[in-house]
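Here's the structure we're looking at; comments come further down.
So that the names make sense, note that chain A is the first sequence line, chain B the second, and so on, each numbered from 1. Fair warning: this is a prediction, and the values are worked out from it, not measured in the lab.
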Amino acid sequence: MQPFTQRVIEIIKTIPAGFVMTYGQIAEQVGSRRGARQVVRILHSLSGIHNLPWHRVVNAKGEIAMRDEEVRYMQIHYLNGEGVKTSGDGRVDLDKYRYNAVRAGED
DNA sequence: AGTGTGACTTGGG
DNA sequence: ACCCAAGCCACAC
């Protein structure tokens with residue numbers, strides 16, 4: 001496993017239930033400010049084989065980014081189960097649920 | 001070493 | 001708020 005990939009995995013593992021992070025945030029946390037798409041690729045390659053809370057990752061608009069309707073539905077289901085309210089369009093309120101790892105550690 | 005991938009992000013209209 | 005175009009970067013082949 002490559003270091004970058006390993007760090008992304010670690011970051012995602014730190015997202016607490018009831019919160020979400022964006023691809024961009026995760027990329028930033030691992031030191032690659034423009035690496036959002038790498039996070040995407042990694043999640044694809046992992047395909048859930050790890051015990052990752054992949055459903056807590058959304059895009060910068062707070063949208064459920066999944067393309068497969070089936071998996072998309074599952075993600076929304078998981079989030080709802082953790083108390084994250086989703087709009088009819090499958091969006092979450094980032095102002096409410098966005099998890100800031102840095103600030104969480106400092107506060 | 002070059003090319004393709006991808007569940008993104010940002011800026012402008 | 002929505003749509004579009006361009007930029008991004010680590011990884012696999």
Side-chain angles (χ1 to χ4, degrees):
Chain A
M1 183 101 47
Q2 300 305 107
F4 180 89
T5 301
Q6 187 64 54
R7 283 201 291 278
V8 168
I9 292 172
E10 293 305 315
I11 292 294
I12 295 178
K13 279 183 176 176
T14 69
I15 309 176
F19 288 88
V20 299
M21 279 185 83
T22 69
Y23 299 91
Q25 273 186 288
I26 294 169
E28 197 167 29
Q29 290 293 309
V30 303
S32 181
R33 192 169 67 82
R34 304 292 167 198
R37 315 196 67 181
Q38 283 55 262
V39 177
V40 168
R41 236 183 60 78
I42 289 168
L43 258 43
H44 263 267
S45 80
L46 293 181
S47 265
I49 61 176
H50 285 253
N51 220 20
L52 289 183
W54 55 271
H55 55 278
R56 300 186 189 136
V57 184
V58 299
N59 70 20
K61 300 173 196 161
E63 297 170 326
I64 303 302
M66 313 302 308
R67 293 190 168 173
D68 298 309
E69 286 303 318
E70 224 172 302
V71 186
R72 177 190 176 84
Y73 177 83
M74 183 163 50
Q75 179 169 10
I76 293 174
H77 179 78
Y78 280 137
L79 289 176
N80 285 337
E82 295 179 349
V84 177
K85 303 287 175 25
T86 61
S87 72
D89 294 345
R91 287 197 191 177
V92 305
D93 186 344
L94 281 181
D95 289 335
K96 273 189 176 181
Y97 303 114
R98 191 188 51 183
Y99 175 61
N100 297 332
V102 178
R103 285 174 62 176
E106 292 175 353
D107 289 350

Point to revise | d(CD, E63(A); P, dA1(C)) in whole Å | key: 11 Å
**Study point:** side chain to side chain donor-acceptor pair (under 3.5 Å) against E82(A), all qualifying residues, sequence neighbours excluded
**Key:** H55(A), R56(A)
Check your understanding: Can you tell me how far P in dC8(C) sits from the matching atom in dG12(B), rounded to whole Å?
Key -> 15 Å
**Study point:** Under-4.0 Å side-chain N/O to phosphate OP1/OP2 contact, R91(A) with dC2(C)
**Key:** yes
Review point. Is there a side-chain contact between L79(A) and I64(A) (heavy atoms, below 4.5 Å)?
Key: yes
**Study point:** Residues forming a side chain to side chain donor-acceptor pair (under 3.5 Å) with S32(A), sequence neighbours excluded
**Key:** none
Tabulate below the donor-acceptor pairs under 3.5 Å that side-chain atoms of residues 19-27 of chain A make, not counting sequence neighbours, or state none.
residue, atom, partner, partner atom, Å
T22(A), OG1, Q25(A), N, 3.0
Q25(A), OE1, T22(A), N, 3.1
Q25(A), NE2, Y99(A), O, 3.2
Q25(A), NE2, N100(A), OD1, 3.1

Practice item. Provide, to the nearest angstrom, the distance between the CG atom belonging to D89(A) and the C1' atom belonging to dC3(C). Key: 15 Å
Exercise for review: Name all residues meeting the side chain to side chain donor-acceptor pair (under 3.5 Å) criterion together with R37(A); count only those two or more places apart in sequence or in a different chain, and write none if there are none.
Suggested key: none
Check your understanding: When you check every protein heavy atom under 4.0 Å of nucleotides 7-13 of chain B, what one-letter string (B, S, -) results, 5' to 3'?
Key -> BBSS---
**Study point:** Distance below 4.0 Å between T5(A) side-chain N/O and dC11(C) OP1 or OP2
**Key:** yes
Check your understanding: What pairs meet the salt bridge (Lys or Arg N to Asp or Glu O under 4.0 Å) rule with one or both residues in residues 86-96 of chain A, with sequence neighbours excluded?
Key -> E63(A)-R91(A)
Review point. I11(A) CD1 to dA10(C) P: how many Å, rounded?
Key: 16 Å
